[in-house]
Q: 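The structure is given below, and queries will be raised subsequently.
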Amino acid sequence: MHCNVLTRTDASLQHRPVASRQYCTVSNSGAERRTSAPPISIDSPRFHPHAKGKNIRLDTQLRRAIRKNSFCNGITFSQRPVRLYEKVRLHLSGVHTGWSGALRFGFTSLDPGELGLAEIPKYACPDLVTRPGFWAKALPERLAMRDNVLAFWADRHGRVFYSINEGEPILFHCGLSVACPLWAIIDIYGITQEVTLLESTFAESVGASCLSAARLSAYLPQSNHDSANYSNNQLETNQAAAAKIATLQLSSYNQLIPCCSTSSTPSSSVHRAVRGLSSPLDTDLHFHPVRGPDVVLSNDRTVACTHFLDSSRTLMFSDRPVRVGETLYVEVGHLGLPYFGALLFGMTSCDPGTLSAGDLPADPEVLLDRKEYWVVYRGFPVPTAGDVLSFTFLPNGEVHHGVNGGARGRLLCVDSSQVLWAFFTLHGAVNRLRILGTVQASPPTSPSVSQGSTPDDSDSDLAFSVNRSSSASESSLVTAPSSPLSPPVSPTLSSSDAPLSSKISECTVCFDQEVDTVIYTCGHMCLCNDCGLRLKRQINACCPICRRPIKDVIKTYRP
């Protein structure tokens, strides 16, 4: 057994000298031997690389810890002992609702490096705190807000304080044994899913005169950890059962023919979404076999399902390009559980057949750095289970969408000169997506501004991201030199773009103010000055019509 006796004569401020420690080693025979050791390093603490719960993932710098899966098995420790009055500062970089309780933290006098994996329990409270040498409590859930900075420290009197965002100190715990080194305990529990260790600072000593000013949370009744753990366990059990049922139900979709089959009974949402169609839905479009590893497909690849407990890589594609003038209908499903996020949609020139599952990241915006053309939209509100969403690819590059047959206006703009596949990701509240079918406009109708446009129109708040295409046609536009002797030439519009000219007085983004701004270098005059300046500030800003990069916007004046 090892313990350290710390002699400290100054417990005041940050530049306090580091005291030497006397280490006493007790042998099996009971003899005690004292040795001196060098001062503890004043480097900022890092997470212990080995002593951690099975659901914890650390970055290479050992500064960021993420809990994957579940709500527990998230116990971590500091890699080295923490000095008295040294603040352990944590940025709460990942907080998601859906569980009960939040971060637990405190100290231990036992070297976590000597703990075996089997000795690290699911919960810090009450599993660890009932053992000798461990002290920890729960942060109140109301304080566990995203981007809050929690700091906690121990003083020479064995008291633990904490503060939020450098606020007033809160007395958290009493009775620590400061005769031995203390390692920090950080249990990434419940709604707290990711924390990042920041640089250490040192706290002022809280004297008796100041103690009354500190909020004495140490003397408040302990929260009922058993109750929180039980509630979360029940919720997790329900989620696991629901996800298993959802997976088993995939087989029931294999022969389901939407809308016009007499062998199936489509939902009322499907009826509303497709009423008024002059022809039945085509069923030749399915999900591509290449998909994220967390996606399960039905045998006919018309239904995709994910598991709630650990579904982060859920990218999936259409198995063929979406045709110009085609409308795609999909039905969403979810378990009704309180999770953050829902659905993401986009289009790409990348053939998914050239990809592998390992190429597909959890966040599709990472794909914007690839050489292909990618457009991502992530602004969907959480839909209701059974809602039918439609996506219409117009000849001018606009993608309109609707919900249960009601038009919601323009979603985003894409380069219609390229062959484009649709893609989705599922996360949070939505765990199932079913392709109902497609309808091809015949003959293709010329694009026009939707009369059903609503505030949901994403172009009004620029809620999508696009990268620069590297296709041969557009790459030359991006890299072609421009000079006064060789001015850039705007692409010639086809006859299908003629209706845009009739709307030349109306901004194509806000549909409110008059057009008075020209985009440099493509020369399209399709924006008001307010929208032009706002669009120019966006990363990888592109013309809403031709998708060429925007170098500048120029306001014009009519006589």
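Along the sequence shown, the residues carry numbers beginning at 1. Below, all heavy atoms of this structure are taken into account, side chains as well, without hydrogens, waters or symmetry copies.
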Q: Measure the CG-NZ distance between L117 and K52 for me, rounded to the nearest 0.5 Å.
A: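 Atom-to-atom, L117:CG and K52:NZ are 8.0 Å apart.
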Q: Would you say R83's side chain and P81's backbone share a donor-acceptor pair under 3.5 angstrom?
A: no
Q: Indicate, with yes or no, if the rings of Y377 and F391 have centres closer together than 6.0 Å.
A: no
Q: So, do D155 and Y85 sit near enough that their side-chain heavy atoms are less than 4.5 Å apart?
A: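 Counting from C-beta outward, D155 and Y85 do come under 4.5 Å.
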Q: With side chains defined as the heavy atoms from C-beta onward, is the minimum distance between F47 and D59 less than 4.5 Å?
A: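 Answer no - side chains too far apart.
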Q: Once rounded to the nearest 0.5 Å, what's the spacing between atom NE2 of H48 and atom CG of L58?
A: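 The CG atom of L58 is 10.5 Å from NE2 of H48, to the nearest 0.5 Å.
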Q: For the side chain of R156 and the backbone of V178, is there at least one donor-acceptor N/O pair under 3.5 Å apart?
A: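 No; zero donor-acceptor contacts below 3.5 Å.
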Q: What's the verdict on side chain to side chain donor-acceptor pair (under 3.5 Å) for S109 and S177, showing C-alpha distance, side-chain angles and the deciding distance?
A: CA-CA 8 Å; S109 59; S177 174; 6.0 Å; no
Q: Closer than 3.5 angstrom, by distance alone: can the side chain of R434 be matched with the main-chain N or O of G333 as a donor-acceptor pair?
A: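 Side chain of R434 to backbone of G333, a donor-acceptor pair under 3.5 Å: no, none is there.
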Q: Just how far is it from atom CZ of F134 to atom CG of D127, taken to the nearest 0.5 Å?
A: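 F134 atom CZ to D127 atom CG measures 11.0 Å (nearest 0.5 Å).
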Q: Do any N or O atoms from the side chain of R159 and from the backbone of G175 form a donor-acceptor pair under 3.5 angstrom?
A: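 Checked: no pair found.
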Q: Would you say R146 and Q193 make side-chain contact, with heavy atoms under 4.5 Å?
A: no
Q: Calculate, to the nearest 0.5 Å, the distance between atoms CG and NZ belonging to N73 and K122 respectively.
A: 6.5 Å
Q: If we only count heavy atoms from C-beta on, is the I191 to E141 side-chain gap below 4.5 Å?
A: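 Heavy-atom side-chain distance check passes, below 4.5 Å.
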Q: Nearest heavy-atom pair of C72 and R67: which atoms, and what distance?
A: O-CD, 3.5 Å
Q: For a ring pair (Phe, Tyr, Trp, His ring centres under 6.0 Å) with Y162, tell me which candidate from F152, F172, W153 qualifies.
A: F172
Q: Does any N or O in the side chain of D387 come within less than 3.5 Å of the main-chain N or O of V332, such that one atom is a donor and the other an acceptor?
A: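 Not a single qualifying donor-acceptor pair exists.
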Q: For Q79 and L197, run side chain to side chain contact (heavy atoms under 4.5 Å, CB included): C-alpha distance rounded to whole Å, both residues' side-chain angles, the deciding distance at 0.1 Å, then the answer.
A: CA-CA 12 Å; Q79 189 176 20; L197 278 169; over 6 Å; no
Q: Please determine whether side chain to side chain donor-acceptor pair (under 3.5 Å) holds for the pair E372 and T348, giving the CA-CA distance in whole Å, both sets of side-chain angles, and the decisive distance to 0.1 Å.
A: CA-CA 7 Å; E372 304 93 352; T348 178; 5.8 Å; no
Q: Okay, side chain of R291, backbone of P289: is any donor-acceptor separation there less than 3.5 Å?
A: yes
Q: Is the backbone N or O of L533 less than 3.5 Å from a side-chain atom of D530, with the two atoms forming a donor-acceptor pair by type?
A: no
Q: Is any side-chain heavy atom of L150 closer than 4.5 Å to a side-chain heavy atom of V195?
A: no
Q: So V149 and R89, do their side chains get closer than 4.5 Å, heavy atoms only?
A: yes
Q: Less than 4.5 Å apart, any side-chain heavy atom of M145 and any of V95?
A: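 The answer is no; the side chains never approach within 4.5 Å.
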Q: Is a side-chain N or O of T314 found less than 3.5 angstrom from the main chain of L426, in a donor-acceptor match?
A: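 Yes.
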Q: Looking at R57 and E194, is any side-chain nitrogen of the basic one under 4.0 Å from a carboxylate oxygen of the acidic one?
A: no
Q: Please round to the nearest 0.5 Å and tell me the distance separating atom OG1 of T192 and atom NE2 of H96.
A: 10.5 Å
Q: Could you go through V295 and F424, starting from their C-alpha distance and side-chain angles, then the distance that decides it, and tell me whether this counts as side chain to side chain contact (heavy atoms under 4.5 Å, CB included)?
A: CA-CA 11 Å; V295 177; F424 299 88; over 6 Å; no
Q: Might you work through the side chain to side chain contact (heavy atoms under 4.5 Å, CB included) test for F161 and I170, ending with a clear yes or no?
A: CA-CA 5 Å; F161 295 87; I170 301 171; over 6 Å; no
Q: Judged by atom type as modelled, is there a donor-acceptor pair below 3.5 Å linking the side chain of R301 to the main-chain atoms of F287?
A: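 Side chain of R301 to backbone of F287, a donor-acceptor pair under 3.5 Å: yes, one is there.
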Q: Backbone N or O of A124 within a donor-acceptor pair of the D187 side chain at under 3.5 Å?
A: yes
Q: How long is the gap from CG on N148 to CG on L143, to the nearest 0.5 Å?
A: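 Reported to 0.5 Å precision, the distance equals 7.5 Å.
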Q: Is there a side-chain contact between R80 and P45, using heavy atoms and a 4.5 Å cut-off?
A: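 Of all side-chain heavy-atom pairs linking P45 with R80, at least one is under 4.5 Å.
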